[in-house]
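Note that the numbering runs from 1 along the sequence shown for the chain.
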Amino acid sequence: MTLSPVIVSIFPFVSGAISLYTLLCLVRIFLTWIPEAERSAVGRFLSRICDPYLDLFKKLDFLRFGAFDLSPIVALGVLWAFSYLLNALSAGSSFSLHLLIEVLLGLAWQIASSVLWMFLIFLIIRLIVLLFSKSTYGTIWDQIDRSISPILFRIAAPFYRGKPISFKGALIISAVTIVVFELIGRWCVQFLVGIVRLIPM
């Protein structure tokens with residue numbers, strides 16, 4: 001489907017506006033982790049312009065897994081998908097099934113990659129705390145460790161082949177595994193996009 005040149009010429013500006021809004025939403029999400037900043041003038045301003053959009057995704061129960069809420073990541077991913085689509089169209093691509101599949105693959109990977117990176121950052125922070133703290137028994141870290149230990153030890157188990165695994169070792173192995181998986185996943189998505197472009201539709 002070919003779009004009017006006048007409409008296409010507007011796409012870069014709309015894409016830029018979406019990218020700016022994505023950045024504001026990202027800042028808003030980070031501010032929710034700092035109560036003092038969230039209550040500041042900047043926090044209240046961002047709340048007014050970002051929360052109506054972010055709240056649309058908070059209503060989707062399937063994006064919550066216990067204490068983990070993936071709705072902000074999906075919300076940012078959808079904005080990324082629209083921006084990517086508009087950039088592709090303004091660069092001369094026509095709207096087609098190829099482009100739609102490419103955007104959906106990119107969106108799925110964007111969400112998965114964001115989850116992986118958030119988990120990786122968390123593991124690095126936990127490792128730093130573990131290295132510089134004598135004991136975290138009875139703290140919030142102790143509760144978090146109990147909830148993530150099954151995941152960490154399951155990831156690390158194939159590398160230890162039945163040998164005893166320390167929590168620190170499981171942390172390191174899990175962090176390295178996530179980095180490798182992220183790199184392989186990124187390559188796989190690029191490979192799939194290349195294949196999709198070759199398929200006649």
Would [X] and [Y] show up in the same hydrophobic cluster when neighbours are defined by side-chain heavy atoms closer than 4.5 Å?
| X | Y | value |
| --- | --- | --- |
| Val27 | Ile121 | no |
| Val129 | Phe167 | yes |
| Ile165 | Ile172 | yes |
| Leu198 | Leu99 | no |
| Leu86 | Phe13 | no |

Polar side-chain atom of [X] near backbone of [Y] as donor-acceptor pair, under 3.5 Å:
| X | Y | value |
| --- | --- | --- |
| Ser15 | Phe11 | no |
| Ser174 | Ala170 | yes |
| Thr32 | Ile29 | yes |
| Tyr21 | Ile49 | yes |
| Ser83 | Leu79 | no |
| His98 | Val193 | no |

Would you call the rings of Phe119 and Phe122 parallel, tilted or perpendicular, where under 30° means parallel and over 60° means perpendicular? parallel
Is there a side-chain contact (heavy atoms from CB on, under 4.5 Å) between Val78 and Phe57 once you walk through the steps? CA-CA 10 Å; Val78 170; Phe57 294 85; 3.9 Å; yes
I want to check something: taking the side chain as every heavy atom from C-beta on, are [X] and [Y] in contact at a cut-off of under 4.5 Å?
| X | Y | answer |
| --- | --- | --- |
| Leu89 | Tyr84 | no |
| Tyr160 | Ile173 | yes |
| Phe82 | Val103 | no |
| Leu192 | Glu102 | no |
| Glu182 | Trp109 | yes |
| Leu183 | Trp187 | no |
| Ile73 | Met118 | yes |
| Ile178 | Leu123 | yes |

Just how far is it from atom [atom1] of [X] to atom [atom2] of [Y], taken to the nearest 0.5 Å?
| X | Y | atom1 | atom2 | result |
| --- | --- | --- | --- | --- |
| Leu131 | Leu127 | CG | CG | 4.5 Å |
| Arg197 | Ile101 | CZ | CD1 | 12.0 Å |
| Leu152 | Lys168 | CG | NZ | 14.5 Å |
| Leu85 | Leu104 | CG | CG | 9.5 Å |
| Leu105 | Phe191 | CG | CZ | 12.5 Å |
| Ile18 | Cys25 | CD1 | SG | 11.0 Å |

For a side-chain contact (heavy atoms from CB on, under 4.5 Å) check, start with the C-alpha distance between Gln110 and Leu76, then their side-chain angles and the critical distance, and finish with the verdict. CA-CA 9 Å; Gln110 195 75 14; Leu76 294 177; over 6 Å; no
So, for Ala75 and Tyr53, which heavy atoms are closest and what is the spacing to 0.1 Å? O-OH, 2.7 Å
Compare every heavy atom of Leu56 with every heavy atom of Pro52, then report the nearest pair and how far apart it is. O-CG, 3.4 Å
Please test Leu120 against Trp117 for side-chain contact (heavy atoms from CB on, under 4.5 Å), starting from the C-alpha separation and ending with a verdict. CA-CA 5 Å; Leu120 176 63; Trp117 275 106; 3.3 Å; yes
Under the side-chain contact (heavy atoms from CB on, under 4.5 Å) rule, what do Trp80 and Thr22 come out as? Steps first, then yes or no, please. CA-CA 8 Å; Trp80 171 88; Thr22 303; 5.9 Å; no
Should Asp51 and Arg28 count as an ion pair when the cut-off is N to O under 4.0 Å? yes
Look at atom CZ of Phe181 and say whether more than 12 heavy atoms of other residues, nucleotides or ligands are closer to it than 6.0 Å. no
Within the supplied structure, the quantity of interest is the number of heavy atoms (other residues, nucleotides, ligands) at a distance under 6.0 Å from Phe45 CZ; does it exceed 12? no
